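Chain letters run A, B, ... following the sequence lines, proteins first, then strands; residues in each count from 1. Computation of the quantities below employed the complete heavy-atom set of this structure, encompassing side-chain atoms and omitting hydrogens, waters and symmetry-equivalent molecules. All values reported here derive from a predicted model rather than from experimental measurement.
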Amino acid sequence: MQTNTNNRPGTVQTARLRLDTNRIKGDFPILEEKINGHRLVYLDSAATSQKPTVVINAILDFYRHKNANIHRGIHSLAEKATAAYEHTRQRVAHFIGDVDPEEVIFTRGATEGINLLAFSWGEANIEEGDEIVITEMEHHANLVPWVILAQKKKAILKRIPITLCGHLDLSNIDEIITPKTKLLALTHMSNVLGTVNPVAELTELAHRQGAIVLADGAQAVPHMAVDVKALGVDFYAFSSHKMLGPTGVGVLYGKRALLEAMPPFNMGGEMIREVHFDRITWNEIPHKFEAGTPDIANVVAFEAALTYLEELGMDKIREHEIALTKYAIGRLSEIDGLEIQGPQEAELRGGAISFTDHDIHPHDISTFLDTKGIAIRAGHHCAQPLMRILGKIATARASLYIYNDEADIDALIDALIDMRRYFGV
Amino acid sequence: MSEPLDDMYRDIIMDHYRSPRGKQPVKSADIKSDGSNPACGDELEMQVEMAGGTLKHIHVDCKGCAISVASGSMLAEIVEGRPLEEARRIAELVRRMLKGEDVELPDDLGDLDALKGVRQFPVRIKCALLSWVTLINGLENYERGQTDSDTPATTEDKE
């Protein structure tokens with residue numbers, strides 16, 4: 001099969017990668033898998049990241065040596081399990097900018113964190129005529145709960161539009177965020193466009209109008225240093241599984257005063273202080289929001305993921321991804337018929353790169369690439385309103401992480417060129 | 001190139017994809033049926049003009065991948081001019097074939113055999129199904145005396 005790596009135009013320079021991807025690849029056993037006879041080129045980390053051996057081992061270690069239920073048992077294993085679970089909470093608190101660990105609530109994922117906020121805070125605070133502001137680039141997770149809440153409360157849902165380049169259009173922001181705004185809910189990094197939004201600036205603006213702010217950090221926390229105190233946000237939601245950790249675990253950070261004033265979300269064990277048949281008092285935060293037995297083993301193993309990321313250094317990870325994103329966008333631009341969505345400047349975006357082919361549907365792209373061992377995502381990426389604005393029914397998306405390098409991008413480019421030849425376009 | 005891929009993207013499929021049949025709008029639509037694949041965003045609009053119990057003219061407009069477009073195009077070619085009952089029987093047969101059942105297709109439906117290659121790609125089966133479930137939905141509503149479907153057909157509830 002002919003490839004074009006040798007006659008590559010000189011416009012795209014070799015990426016200066018900050019991470020030792022050869023060593024990192026060795027830490028991820030799944031990357032040794034053969035997919036349809038090829039080495040796995042995993043370019044779908046925005047959907048979920050792969051897991052390093054240390055995380056996989058931490059799950060095994062918990063079940064072999066520490067397994068017990070937490071917070072209740074009066075025996076050694078229960079104490080060990082509780083300590084490990086609470087240790088992860090402390091490490092998360094440190095990871096997102098040294099917040100108070102009691103402001104860290106474990107959820108099943110970013111989606112559940114946002115739902116918690118919509119049901120608990122939203123139910124208690126949103127009234128008829130209030131305004132909720134979102135953006136046009138939200139994932140359904142940070143869209144559907146607010147659409148439903150607004151309908152239920154007869155509140156008004158307003159949205160910040162996007163520009164042709166895939167940035168938020170802030171030209172009329174003073175008309176969108178007003179004294180009537182109760183909540184601004186926006187993504188920190190778009191899962192489709194890759195855009196990194198000016199969360200700190202918009203939070204300041206919203207606070208001046210008396211609104212509270214939730215940022216959806218599912219795509220941001222895995223890829224850059226995030227300091228929720230510097231951002232100023234009131235709530236921040238993200239998922240473990242997109243940042244090397246296990247599935248089934250997420251985090252909702254919230255400011256203490258707001259969390260304390262909120263009613264619980266799920267009812268049951270752990271979230272109570274005193275229960276009578278006619279009256280119940282709630283436990284302290286964060287336990288008030290963690291009813292029932294949580295995903296203990298995966299919370300404990302999440303700590304190993306945080307350690308792994310911290311050892312690499314979040315700033316270095318960001319630099320690595322900027323360099324590789326620049327390289328990927330440059331090389332994708334070499335192919336006729338491809339259109340890249342979102343900002344073209346790598347510094348202003350993350351490594352989730354959506355593209356379309358003028359002649360070939362994203363599903364056909366994805367199936368073809370899969371036969372070469374290349375995993376990308378194709379579809380609407382849980383952002384149907386954004387797709388309509390972009391005028392696409394779907395896009396293909398290659399998304400990068402710490403284990404990706406130029407060779408992965410080259411494999412993608414070669415396969416896309418083969419694909420266009422195969423489909424005769 | 002790997003063989004399963006060639007099985008799916010056979011020349012006949014690619015021919016239907018590049019020049020889909022059923023593009024012509026119908027004069028008056030007795031049946032209007034929309035279909036969508038919520039998982040991927042593909043959308044399909046179907047209109048049928050009936051005459052004396054047969055599908056006189058069928059219009060299929062599919063915004064989707066090669067497989068869903070080609071499948072819709074084959075549908076238009078094959079069911080046009082057939083009596084309603086026969087069209088429904090064929091649609092049901094194709095649906096069962098795509099689900100993996102071992103069905104014998106009548107000789108005059110030869111082209112449809114090309115869709116079998118899709119079965120090696122489980123995530124793509126619903127692409128091929130979309131137009132057929134949209135037709136089934138439309139015909140059922142027509143028999144109940146409705147022109148428009150209340151809700152678009154999806155491949156989800158038929159699986």
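Only the backbone of Ile360(A) comes within less than 4.5 Å of a heavy atom in chain B; its side chain stays farther off. Heavy-atom distances place the backbone of Asp359(A), and not its side chain, under 4.5 Å from chain B.
Of all heavy-atom pairs between Arg124(B) and His363(A), the closest is NH1-O, 3.0 Å. A pairwise comparison of heavy atoms in Pro38(B) and His380(A) identifies O-NE2, 2.7 Å as the closest pair.
Counting heavy atoms of neighbouring residues, nucleotides and ligands inside a 6.0 Å radius, atom CZ of Arg108(A) does not exceed 12 of them. By the neighbour-count criterion of 12 heavy atoms within 6.0 Å, atom CD of Glu101(B) is densely surrounded, having more than that number from other residues, nucleotides or ligands. Other residues, nucleotides and ligands contribute more than 12 heavy atoms inside 6.0 Å of the NZ atom of Lys158(A). Residue Asp336(A) places its CG atom among 12 or fewer non-hydrogen atoms of other residues, nucleotides or ligands, all under 6.0 Å distant. Applying the 6.0 Å contact sphere to CZ of Arg159(A) captures no more than 12 heavy atoms from other residues, nucleotides or ligands.
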Q | From CA spacing to verdict: side chain to side chain contact (heavy atoms under 4.5 Å, CB included), Leu5(B), Tyr422(A) | A | CA-CA 10 Å; Leu5(B) 201 64; Tyr422(A) 182 81; 4.0 Å; yes

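Using modelled atom types, one finds a donor on one side chain and an acceptor on the other under 3.5 Å when comparing Asp364(A) with Tyr9(B).
With a 4.5 Å cut-off on side-chain heavy atoms, Thr367(A) and Met8(B) count as touching. In this structure the side chain of Asp42(B) reaches within 4.5 angstrom of the side chain of His361(A), judged on heavy atoms.
With chain A as the partner, the residue from Ser68(B), Gly64(B), Cys127(B) showing the most heavy-atom pairs under 4.5 Å is Gly64(B).
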